[in-house]
2 protein chains.
Amino acid sequence: MQTKAELTKLHILETVAPIFNQNGYAATSMSDITNATGLTKGAIYGNFKNKEALAISSFKFTVKKLMTRISNHLELSDSPIQKLFLITDFYRNYYDYSKQLGGCPVLNIGVDANNQNTLLLKNVKIIIEKIQDQVASIIEQGIEVGEISAEINAMQYAKRLDTMIQGAVFMTYTMDDEFYLKDTMNQIDQMIHNELKA
Amino acid sequence: MQTKAELTKLHILETVAPIFNQNGYAATSMSDITNATGLTKGAIYGNFKNKEALAISSFKFTVKKLMTRISNHLELSDSPIQKLFLITDFYRNYYDYSKQLGGCPVLNIGVDANNQNTLLLKNVKIIIEKIQDQVASIIEQGIEVGEISAEINAMQYAKRLDTMIQGAVFMTYTMDDEFYLKDTMNQIDQMIHNELKA
DNA sequence: TATAAAATATACCAATTGGTATATTTAAAT
DNA sequence: ATTTAAATATACCAATTGGTATATTTTATA
């Protein structure tokens, strides 16, 4: 069973992570945090060294949730090329889902932390690399299995897909219009059909 | 000739715009502003109603500079399809150029203002629409002149290009790696050749 | 050059910032 | 049930926040 402190830590992260994600680091104050959690500074600073450490834990907490959800979704098929279609399938509904998280953590914290918080930015970079490695790995498996053309540079293609997805997420949020996500996913599906398929 | 006040206003915007762009609204304090400009609060508040008004003026100032530069670059050719290639040409060097502006204003302020500053966000939306209208207009002219296939939906395609560009800008900044911008521009050039050309 | 007006500087405000030392409460182990 | 340790609350800190009223300086006009 979890100790009381562990439950408190979880409660803090569950409450605070979306706030940091939505507002950004500087725009989130410690009183925002105590108000939202219903806890006092004693409880917060007892569980986290300082504001920055809490922000980093919050980012990791949100990303873990997100990555788990994607991973589960990708298990719906064993075929590499079908897994790629499952990725676009996932992001077609990403606007509604990520709103619960306070927005896309990679986009929000990536922009927010740039030239502001080195440690936080470092964590974003690591996550982006991890995501791209996973997509590249799927493509490589597709090549091995013969589903995907051997001409394809897996890592380059993974970066391309990631770039397009992040662009679509940014546009959908900024314009408050799901067209961008939907259309970009259609575009990627076409790319998979026309460029990737063996 | 410009009055002293107009010069001061210009000096404030020139100095402050990149700071707001780089740090974001909340992370930029009035003392950051007075320190950077060498002016006092009296001068700042005498020229701008409040912090928000200054942030909005700063955004507009940066965007105007950026848009003028793009427009000038596009005048290097009269051919619509060549103008599209000039757009990718421009963004190939966008990392170095936009750093002088404190980053990409559309990306930075778009993310920063989301769910934070309604007025600022509204201004970002207007600029994005303006950019897309201009690209769509170029494509339409290409169709009229017979350079671009009449099958193309100009507005949809303009949005696609914009989405890809913004994604590449985000990735290049977050990963501090120009590969994303360069590769995306190559990809767009290929699209122009393969999908757009009549 | 004197005067009016515009522009800028100074001094101040209450409220809030992130953080800490200590007091109190709560939970775990004997 | 008592003790001990862990967790949380309270009260406080100096520094900074955005903003304002007023004083001073600078500019333009006559």
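Chain identifiers are assigned alphabetically (A, B, ...) following the order of the sequence lines, protein sequences preceding nucleic acid strands; residue numbering begins at 1 within each chain.
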note = Here the distance between atom P of D/dG18 and atom CD of B/E52, to the nearest Å, is 13 Å

query = If you draw a 6.0 Å radius around NZ in A/K182, do more than 12 non-hydrogen atoms from other residues or ligands fall strictly inside?
reply = yes

key: Rounded distance (Å) that lies between atom C1' of C/dT26 and atom CG of A/L7   = 14 Å

message = Below the 4.0 Å mark, does C/dT8 have OP1 or OP2 next to a side-chain nitrogen or oxygen of B/N47?
response = yes

inquiry  = Taking A/D189 first and then A/R92, would you say they form a salt bridge - that is, a charged N and a carboxylate O separated by under 4.0 Å?
reply    = yes

request  = Rounded off to whole Å, could you give me the CG-to-C1' distance for the A/D32 and C/dG18 pair?
outcome  = 12 Å

inquiry  = Are more than 12 heavy atoms, taken from residues, nucleotides or ligands other than B/D78, located less than 6.0 Å from that residue's CG atom?
reply    = no

query = Taking CG from A/L54 and P from C/dG19, how many angstroms apart are they, rounded to a whole number?
reply = 10 Å

task = Kindly say whether, by distance alone, the side chain of B/K41 makes a donor-acceptor pair under 3.5 Å with the base of D/dG19?
result = yes

message = Rounded to whole Å, please give me the gap between CG in B/N50 and P in D/dT20.
response = 8 Å

query = Can you tell me how far C1' of D/dA7 sits from CG of A/L10, to the nearest Å?
reply = 16 Å

Sugar-phosphate only, base, or nothing, as touched by B/T40 at under 4.0 Å among non-hydrogen atoms = base

task = Look at the side-chain N and O atoms of B/T8 and state whether any lies under 4.0 Å from the OP1 or OP2 oxygen of C/dA7.
result = no

message = Below 30° counts as parallel, above 60° as perpendicular, anything between as tilted: where do the rings of A/Y173 and A/Y95 land?
response = perpendicular

ask   = How is A/T34 classified with respect to the nucleic acid when contacts are heavy atoms under 4.0 Å: base, sugar-phosphate, or nothing?
value = nothing

query = Think B/S29 has a side-chain N or O under 4.0 angstrom from the OP1 or OP2 of D/dT16?
reply = no

Whole angstrom value for the distance that separates P of D/dA7 from CZ of A/F48 = 13 Å

note = From NZ of A/K9 across to P of C/dA27 the rounded distance in Å is 18 Å

key: Heavy-atom pair of closest approach, residues A/I188 and A/M164   = CG1-CE, 3.9 Å

task = Just call it for A/T28: base, sugar-phosphate, or nothing, with non-hydrogen atoms closer than 4.0 Å on any strand.
result = sugar-phosphate

key: Residue A/S31, side-chain heavy atoms: nucleotide from D/dT8, C/dT17, C/dT8 that is nearest   = C/dT17

request  = Give B/L39 one of three labels, base, sugar-phosphate or nothing, depending on what nucleic acid heavy atoms sit under 4.0 Å from its own.
outcome  = sugar-phosphate

key: Among D/dG19, C/dG19, D/dT8, the nucleotide that comes nearest once only the side chain of A/Y45 is considered   = C/dG19

DNA chain C: 5'-proximal contact among A/G42 and A/Y25 (nearest heavy atom) = A/Y25

